[in-house]
Amino acid sequence: MPGVSRRLDGLLALAIVLLLGAFLLAACRPAPEPTDEPALVQAETACLAALYVDSLPLEADLYLGGEAMGRTPQQLFLRPGLYRITLRREGFATHHTDVELRCGDDQTLSPRLHDTMPPTIILDDLPAQVTPDEGLKVAARATDNDAVASMALHVNDTLLHSVDEASLRHNIDTRTLAPGLHEGRIVARDTTGNQAAVTFQFEIVAPSPTAAPPTRATPTSTTTPPASVQPTATPTFTVTPTSTPTATPQPTATPRPVVAVSEGQISLMIYDYERALYTDPDRVGHPYPLLDHERVGPPVRRTYETLTLRNEYLEVVLLPALGGRIYQIRYLPTGQPLLYNSRVAKVTPWGPEDQGWWLALGGIEFALPEEEHGYVSAEPWEAQVSRGADGSATVSLHILEQSRQLDARVEITLHPREAVIHLHTTLRNQSHRSQSFQYWVNAMLSPGRHGVGPDLRFTLPADSVTVHSTGDNTLPPEGASMPWPVAGSRDLSRYGNWHNWLGVFAPQLRAPFVAVYDEATQIGMVHAFSPETMRGHKLFGFGRDFDHSVYADDGAAYVELWGGLTPSFWEYTSLAPGASTSWRDTWYVIAQSGGVDFANANASLYARRDGDQMRLTVASPSEHRWRLVVSQDGRELVDQYFSLRPDAPHRVSLNVGNSNASLDVRILQSDGAMILQHRVDP
């Protein structure tokens with residue numbers, strides 16, 4: 001059929017012309033331009049590309065087109081296409097990069113951000129007047145959003161001393177200076193060359209036996225510290241190091257990191273309760289002082305000796321004279337405090353019923369041998385310092401509790417390059433009969449600032465709790481059980497939903513940890529422990545309607561995390577004559593993780609779903625290189641090695657589509673040993 005054949009030949013020729021035209025049109029089409037919205041190509045395919053976005057320094061805000069994706073480092077799984085990656089971090093110039101991804105790609109992006117912010121200098125208080133023979137001890141330290149390269153001290157425009165580090169100490173020889181007013185200046189430079197300076201003045205005066213005590217000079221800064229690293233206001237006190245350990249020289253070129261230990265003093269404002277103390281000889285077996293609340297005097301200033309442990313991440317101030325307490329823990333990368341400290345410490349009516357008072361000072365206290373803060377939280381404890389072969393430092397706090405003859409020893413250890421405090425506690429019965437007692441450690445927490453707000457979150461891995469006490473009449477009474485965290489219509493894991501005071505015990509935990517995290521300040525603490533030893537866990541907070549003037553003059557609130565040997569304040573444990581018990585637990589800082597869903601002594605995990613994206617954050621109080629494996633319905637989604645530090649958690653973003661299946665998250669060592677395993681429900 002020749003007619004049909006001719007028609008087919010014509011159609012074939014037309015098809016060839018159309019295909020050739022389409023090819024030429026595609027060849028002339030310009031390359032796609034990145035836009036503010038991700039330009040997804042081949043959206044219909046299931047094939048993905050992997051993009052690992054890192055930055056120097058870490059913790060930069062990451063944007064994919066115009067969409068916020070969290071902070072670096074991040075692992076993204078994306079469909080093929082051209083993307084604009086934007087990195088922003090305070091103190092650094094905004095960085096833009098265009099990345100084209102193809103099916104099956106595995107790319108890494110690690111730009112170094114350009115530092116534009118000068119360092120911040122913190123200068124210790126100086127006397128305004130000194131005599132020629134006194135000398136002037138100058139101590140300053142600098143922080144920077146990247147790294148401090150050097151510090152220098154000038155007096156009257158003459159360079160006296162310089163160091164290539166972030167801490168400067170120098171004793172100015174005032175014998176070489178003429179009487180009169182002099183000006184000092186400390187200059188800090190970062191690795192990019194940005195510079196900051198603070199100036200101070202001091203006067204050389206002739207010695208006088210009747211001279212008034214010197215006033216304090218106030219340094220003047222020529223730069224404004226960035227808000228993100230400016231220390232939060234804390235109670236007025238001065239820690240003055242009187243000794244600094246010197247590390248033993250090592251044969252290697254790189255010195256071994258060593259935890260610094262220093263002795264000092266702290267000046268506190270405390271209501272004058274000591275004048276109101278008395279003893280009652282009729283109370284046999286209770287040798288500790290009672291208190292007449294009517295005789296408590298107005299605030300007075302008291303000075304106490306301190307011991308301070310310091311490594312790269314934490315500064316831990318111990319106050320042996322007042323209960324052997326850990327007075328403050330400061331997270332050095334941001335200067336944020338973790339513990340509540342009363343600016344003017346009050347004596348409250350709380351405490352053991354037969355003692356009737358408790359000093360609301362703050363920190364972490366050790367309560368023995370009765371519930372409700374015990375007898376010894378304001379008693380002096382002995383303190384002794386020892387060193388570990390790894391550069392760690394341990395302060396051993398010791399007291400012999402008089403009413404039960406219980407010898408109590410708490411060893412507090414800080415290792416180099418860790419944001420974790422290790423506690424090793426030992427109790428020994430020194431009496432000749434069995435002793436019944438309670439022991440609790442109580443952390444008074446205010447993460448990141450002085451006072452907690454509505455964005456504080458509690459992580460208590462329990463389905464129900466037992467009410468110890470409450471001022472909220474919408475909740476069950478003392479001794480009753482209630483569901484956790486949602487009671488009625490309120491999510492009590494968020495402190496903003498607390499109306500009045502509430503204390504609950506959680507004797508049945510699904511995992512051996514409890515945690516608090518403030519979403520506003522992006523910092524919190526995790527308490528990890530052995531469930532076989534520490535069987536009691538209590539959470540306490542005041543709520544917004546409580547009269548905070550009972551314990552503080554400034555209205556600042558805090559929360560308490562308790563851990564004890566007994567399930568609640570209603571039970572006691574015992575030790576036979578000469579017997580002892582010992583256990584270990586840890587308290588560690590978690591920062592910039594978003595929160596805590598699950599934790600153990602090694603790491604914490606936080607997971608949040610946003611549409612099709614599941615964002616995971618792994619944080620640790622130590623420096624590690626681990627392996628992350630994430631699977632869903634038996635299908636492996638992620639298998640990668642990653643590094644993290646206390647100030648640099650690891651983040652990964654997964655595209656889970658509309659699946660409602662749970663994720664199985666495993667964190668492993670390189671040898672396959674399990675670090676953490678958790679199931680993330682949708």
Side-chain angles (χ1 to χ4, degrees), residues 38 46-64 67-81 83 85 87 97 99-112 590 592-600 602-610 612-657 659 661-680 682:
C47 183
L48 297 176
L51 176 64
Y52 182 77
V53 185
D54 204 345
S55 66
L56 292 173
L58 299 173
E59 295 294 312
D61 292 320
L62 168 63
Y63 295 86
L64 182 65
E67 183 183 358
M69 303 298 291
R71 292 182 176 177
T72 59
Q74 285 270 14
Q75 179 82 37
L76 305 176
F77 295 92
L78 305 168
R79 292 168 179 165
Y83 295 87
I85 305 298
L87 298 176
T97 302
V99 178
E100 186 173 7
L101 299 175
R102 296 179 175 84
C103 182
D105 274 358
D106 188 0
Q107 294 193 35
T108 298
L109 182 64
S110 301
R112 182 174 186 87
I590 203 78
Q592 300 298 321
S593 71
V596 179
D597 287 331
F598 183 81
N600 57 24
N602 302 308
S604 74
L605 178 69
Y606 180 69
R608 278 300 174 269
R609 182 164 182 169
D610 183 9
D612 291 346
Q613 298 293 316
M614 178 69 78
R615 296 190 172 102
L616 305 177
T617 303
V618 181
S620 174
S622 308
E623 301 175 3
H624 297 286
R625 180 163 179 79
W626 285 335
R627 178 186 173 196
L628 174 66
V629 179
V630 183
S631 58
Q632 185 180 52
D633 286 336
R635 181 171 58 94
E636 198 170 89
L637 302 180
V638 175
D639 188 347
Q640 62 176 218
Y641 283 89
F642 65 96
S643 299
L644 78 171
R645 307 189 309 265
D647 61 341
H650 179 68
R651 296 180 176 84
V652 60
S653 181
L654 304 172
N655 190 329
V656 295
S659 174
S662 299
L663 296 179
D664 179 50
V665 180
R666 290 178 292 151
I667 302 172
L668 310 167
Q669 291 183 350
S670 57
D671 60 2
M674 186 69 68
I675 298 296
L676 181 149
Q677 184 172 13
H678 182 59
R679 179 174 178 172
V680 179

What's the verdict on side-chain contact (heavy atoms from CB on, under 4.5 Å) for Val665 and Leu628, showing C-alpha distance, side-chain angles and the deciding distance? CA-CA 7 Å; Val665 180; Leu628 174 66; 3.8 Å; yes

Can you check whether Val656 reaches Asp612 side chain to side chain, under 4.5 Å on heavy atoms? no

List for me each residue that meets side chain to side chain donor-acceptor pair (under 3.5 Å) alongside Arg102, sequence neighbours excluded, and say none if there are none. none

Kindly indicate, with the supporting measurements, whether the criterion side-chain contact (heavy atoms from CB on, under 4.5 Å) is fulfilled by Met69 and Ser653. CA-CA 8 Å; Met69 303 298 291; Ser653 181; 4.2 Å; yes

Answer yes or no: is there an ion pair linking Asp647 with Arg645, defined by an N-O contact shorter than 4.0 Å? yes

Measure from the side-chain N and O atoms of Gln669 to the backbone N and O of Ile675, and report whether any donor-acceptor pair falls under 3.5 Å. no

Would you check if Val618 and Phe642 make a side-chain contact, meaning some heavy-atom pair closer than 4.5 Å? yes

Phe77 CZ to Gln613 CD distance, which is reported to the nearest 0.5 Å: 10.5 Å

Side chains of His624 and Ser643: does their closest heavy-atom pair fall under 4.5 Å? no

Closest non-hydrogen atom pair, Asp54 against Ser110: CB-OG, 3.5 Å

Closest contact, heavy atoms only, Ala599 versus Leu676: CA-CD1, 4.4 Å

Hey, does Arg615 have a side-chain heavy atom less than 4.5 Å from the side chain of Val652? no

Any chance you could lay out the side-chain contact (heavy atoms from CB on, under 4.5 Å) test for Arg666 and Asp664, step after step, and finish with the verdict? CA-CA 7 Å; Arg666 290 178 292 151; Asp664 179 50; 3.7 Å; yes

Run the numbers on Leu78 and Leu64 for side-chain contact (heavy atoms from CB on, under 4.5 Å), then give the verdict. CA-CA 10 Å; Leu78 305 168; Leu64 182 65; 3.7 Å; yes

Count the heavy atoms belonging to other residues, nucleotides or ligands that lie under 6.0 Å from CZ of Arg635, then report whether that count exceeds 12. no

Does any part of the side chain of Thr617, heavy atoms only, come nearer than 4.5 Å to the side chain of Ser593, both counted from C-beta? yes

Side chain proximity check, Arg627 to Ile667, heavy atoms < 4.5 angstrom: no

Flag side-chain contact, heavy atom, 4.5 Å: Leu654 against Leu616: yes

Check whether any side-chain heavy atom of Val680 sits under 4.5 Å from a side-chain heavy atom of Met614, and report yes or no. yes

CG (Leu637) and CG (Asn655) are apart, to the nearest 0.5 Å, by 10.0 Å

Arg71/Asp61 ion pair, N-O < 4.0 Å: yes

Starting at OH of Tyr606, measure out to CD of Gln592 and round the result to the nearest 0.5 Å. 12.5 Å

Which atoms form the tightest heavy-atom contact between Gln677 and Phe598, and what is the distance? O-CE2, 3.7 Å

Heavy-atom pair of closest approach, residues Ala607 and Asp597: N-OD2, 2.8 Å

Residue pair Glu636 / Ser631, side-chain donor-acceptor N/O under 3.5 Å: no

If you round to the nearest 0.5 Å, how far is CG of Leu48 from CG of Asp106? 12.0 Å

How many angstroms lie between CG in Leu87 and OH in Tyr63, if you round to the nearest 0.5 Å? 10.5 Å

Residues Arg608, Asp610: salt bridge by 4.0 Å N-O rule: no

Cys47 and Pro80 have their tightest heavy-atom pair at O-CD, 3.4 Å

Shortest non-hydrogen separation from Asn602 to Trp626 and the atoms involved: O-CH2, 3.7 Å

Between the side chain of Thr72 and the main-chain N/O of Ala60, is any donor-acceptor distance below 3.5 Å? yes

